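We use all heavy atoms of the structure for the numbers below, so side chains are in, but hydrogens, waters and symmetry mates are not. Here the structure is a predicted model, which means the values were calculated and not measured.
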Amino acid sequence: MSQSSFDFGTTGGYRNPFFQSVFIQGRYVLGLSDMIKDSDITNRVIQLSLEYSFK
């Protein structure tokens, strides 16, 4: 079983202002490379963040 040290993927997300200086962001990352050769194991990540902007 040989594990890959490189992953190729695609990302999609959305950022929305919640208040004047506060933003909510969501992102989905889909790995397109097999992490282990000859298997169907890939990376999938869901990210949620809250952002504050100092102005």
Side-chain angles (χ1 to χ4, degrees):
M1 182 164 53
S2 177
Q3 191 171 354
S4 177
S5 62
F6 180 78
D7 185 22
F8 181 76
T10 185
T11 303
Y14 181 71
R15 182 176 180 240
N16 188 33
F18 191 61
F19 292 114
Q20 186 176 6
S21 299
V22 179
F23 298 90
I24 295 175
Q25 178 174 316
R27 187 179 304 177
Y28 181 74
V29 181
L30 175 64
L32 301 175
S33 303
D34 289 341
M35 295 307 296
I36 298 175
K37 291 185 180 187
D38 301 326
S39 73
D40 291 331
I41 299 173
T42 60
N43 276 330
R44 292 188 180 124
V45 179
I46 295 175
Q47 298 173 327
L48 300 173
S49 63
L50 184 65
E51 177 183 330
Y52 183 77
S53 178
F54 297 100
K55 291 186 178 182

Separation of I24 CD1 from R15 CZ (nearest 0.5 Å):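 So the CZ of R15 and the CD1 of I24 are separated by 11.5 Å.
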
Under 3.5 Å donor-acceptor, S33 side chain and F8 backbone: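 Yes: the side chain of S33 pairs with the backbone of F8.
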
Single-linkage hydrophobic cluster, 4.5 Å side-chain cutoff, Y28 and L50 together: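 No, Y28 and L50 fall in different hydrophobic clusters.
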
same_hphob_cluster(I46, L32) at 4.5 Å side-chain heavy-atom cutoff: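 Same cluster: I46 reaches L32 through Ile, Leu, Val, Met, Phe, Trp or Tyr contacts under 4.5 Å.
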
F23 atom CZ: more than 12 heavy-atom contacts under 6.0 Å: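 Yes, the 6.0 Å shell around CZ holds more than 12 heavy atoms from other groups.
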
